[in-house]
2 protein chains.
Amino acid sequence: MHGVNVSAVTDSLDWDHVEPPAARRLVQGAIDAFAERGFQATTTRDIASRAGMSPAALYVHYPSKERLLFEISLYGHNAALEILRSADTGGAPADRLRSLVAAFTAWHARHHTIAHVVQYELNALSPEHLAEVATIRRAISAQIEQVLTDGVQDGSFAVPDLPGTTLAVLSLSIDVARWYTPHRGDPDALGKLYADLAHRMVQA
Amino acid sequence: MHGVNVSAVTDSLDWDHVEPPAARRLVQGAIDAFAERGFQATTTRDIASRAGMSPAALYVHYPSKERLLFEISLYGHNAALEILRSADTGGAPADRLRSLVAAFTAWHARHHTIAHVVQYELNALSPEHLAEVATIRRAISAQIEQVLTDGVQDGSFAVPDLPGTTLAVLSLSIDVARWYTPHRGDPDALGKLYADLAHRMVQA
DNA sequence: TTTGTGGCTAAGCGCTTGCTTAGCTTCCCG
DNA sequence: CGGGAAGCTAAGCAAGCGCTTAGCCACAAA
């Protein structure tokens with residue numbers, strides 16, 4: 001709060017690719033507002049005032065409120081997928097699963113404002129935008145499922161219901177975005193706990 | 001669908017205590033609408049038309065749209081707590097945990113429309129109504145925590161982080177309300193799977 | 001028959017919504 | 001110095017919002 005260009009709520013996910021700076025301020029204001037009140041309850045006047053400008057200025061940078069949400073949702077989904085992919089460093093399935101779950105969970109805690117928008121504002125997207133985001137979601141799910149499959153194949157995991165268990169593991173991490181607040185503790189510690197729980201769910 | 005008084009979406013949770021029938025139709029219409037679009041995106045005209053009446057008629061039975069949500073949320077929370085309590089039949093902690101998780105999970109699947117409203121429309125409640133509902137939520141959480149505590153005490157469970165694990169177990173079931181649709185399979189089968197996963201998360 | 005009450009509708013009020021228009025300023029490039 | 005683009009604001013428009021008002025009708029009690 002010392003004049004640094006960081007909003008009160010938005011976390012440190014970098015939006016450097018958003019230009020010009022005024023557009024970036026809009027994105028950050030929108031994330032805070034969407035996470036706080038939900039898309040439908042957020043007004044364009046609210047977003048604009050968080051970015052320090054008049055309501056009309058929003059439309060210089062984005063053609064609609066929905067488009068602003070889409071931009072946020074798309075980038076957020078890509079960031080989440082990227083986190084998962086870079087956490088999959090190879091090795092034994094057990095180690096890979098722990099690494100994936102730890103990273104995915106910690107991401108949802110650390111970036112819980114964006115994660116909240118990503119996970120809970122899907123049905124405010126237009127059908128076309130939802131479809132685009134859904135392909136990323138399938139890739140996220142596939143990343144987890146692959147590790148479980150590998151673990152079953154080499155005998156280190158026992159998973160009677162593969163799709164159901166995949167969904168459960170994802171579910172555990174995703175739900176963090178619903179309840180997490182900073183006073184709930186360190187994101188990395190939570191990641192380790194959840195990695196442990198997920199591993200125990202599947203180990204042979 | 002043979003003229004029986006059941007809406008297209010609302011599940012079989014009985015709202016017999018809501019009188020007169022017109023008020024019950026409003027509640028069922030509101031549940032469907034809130035679950036489908038969210039509280040903020042739902043109009044009183046939409047709710048009223050689902051109940052087959054004019055917008056003004058809603059205010060004969062409820063003083064505001066928020067009050068309608070509160071009535072639904074309160075009853076839904078109580079129903080969820082009741083499910084948990086009646087599933088806690090005693091015996092070994094492992095059996096109790098499995099029974100609780102199976103029942104709680106199956107409830108969220110079977111009644112996923114109401115569950116969605118219960119779990120994801122909390123911040124549309126007034127502060128006073130939210131506080132009232134929060135006490136029920138604490139009771140739900142305490143019910144799970146007690147079983148875990150008992151299991152740790154008799155040595156059948158190994159739980160390094162009790163509050164974190166309690167939250168995780170609850171989280172798993174609650175998140176079902178986010179993604180479940182009837183084509184995802186039988187609620188009871190899902191309950192069994194989740195009981196299994198939860199048990200493996202904590203067993204010594 | 002009168003009176004009152006519960007349940008409803010047509011109409012509409014005051015306000016807010018997402019978004020548009022018209023026009024202003026600033027700055028870059030020739 | 002001239003001109004156009006980029007970025008912004010004040011004002012406002014049409015539509016839709018939650019909710020209210022006034023009054024109608026069916027029916028039960030007196």
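What's counted below: heavy atoms across the whole structure, side chains too, no hydrogens, waters or symmetry copies. Order of the sequence lines sets the chain letters (A, B, ...), proteins ahead of strands, with each chain counted from 1.
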Query raised in the report: Side chain of Pro20(A): nearest nucleotide among dT9(D), dG7(D), dG18(D)?
Result: dG7(D)
Requested in this report: Would you mind checking if Arg50(A) and Asp46(A) are paired as a salt bridge, meaning a charged N to carboxylate O distance below 4.0 Å?
Outcome: yes
Query raised in the report: Looking only at N and O atoms, is any donor in the side chain of Arg45(A) or the base of dG18(C) less than 3.5 Å from an acceptor on the other one?
Result: yes
Report summary line: In whole angstroms, the gap separating P of dT9(D) from CE of Met53(A) amounts to 7 Å
Query raised in the report: When you measure from the side chain of Tyr59(A), which nucleotide among dC19(D), dT20(C), dT9(C) comes out closest?
Result: dT20(C)
Requested in this report: Report the distance from atom CZ of Arg67(B) to atom P of dC19(D), rounded to the nearest whole Å.
Outcome: 13 Å
Report summary line: Looking only at dC19(C), dT21(D), dC19(D), the nucleotide nearest the Ala56(B) side chain is dT21(D)
**Report entry** Below 4.0 Å: OP1/OP2 of dG18(C) and any side-chain N or O of Thr44(A)
**Finding:** yes
Query - Note, Tyr62(A) side chain near Val27(A) side chain (heavy atom, < 4.5 Å) - result: yes
**Report entry** Pair Arg96(A)-Gln143(A), side-chain donor/acceptor within less than 3.5 Å
**Finding:** no
**Report entry** Nearest listed nucleotide, side chain of Ala57(B), among dC19(D), dT17(C), dT9(C)
**Finding:** dT9(C)
Query raised in the report: Could you give the CD1-to-P distance, from Ile47(B) to dC17(D), as a whole number of Å?
Result: 11 Å
Query raised in the report: Can you check whether Ser54(B) has a side-chain N or O nearer than 4.0 Å to OP1 or OP2 of dC8(C)?
Result: no
Query raised in the report: In whole Å, what is the span from the CG atom of Leu58(B) to the C1' atom of dG7(C)?
Result: 13 Å
Query raised in the report: Considering only heavy atoms from C-beta outward, does the side chain of Arg37(A) approach that of Asn123(B) to under 4.5 Å?
Result: no
Query raised in the report: dG18(D) C1' sits how many Å from Leu26(B) CG, rounded?
Result: 15 Å
Query raised in the report: Under 4.0 Å between a side-chain N/O of His61(B) and OP1 or OP2 of dC8(C), yes or no?
Result: yes
Query raised in the report: Please give, in whole Å, the distance from dG18(C) P to Leu69(A) CG?
Result: 13 Å
Query raised in the report: Is the shortest heavy-atom distance from the side chain of Arg110(B) to the side chain of Asp188(B) under 4.5 Å?
Result: yes
Requested in this report: Would you mind reading off the distance between Leu68(A) atom CG and dG18(C) atom P, rounded to a whole angstrom?
Outcome: 12 Å
**Report entry** Between dG18(D) (P) and Gln40(A) (CD): distance, integer Å
**Finding:** 12 Å
Query raised in the report: Which part of the nucleic acid, if any, lies within contact of Pro63(B), taking any heavy atom under 4.0 Å across all strands shown: a base, the sugar-phosphate backbone alone, or nothing?
Result: nothing
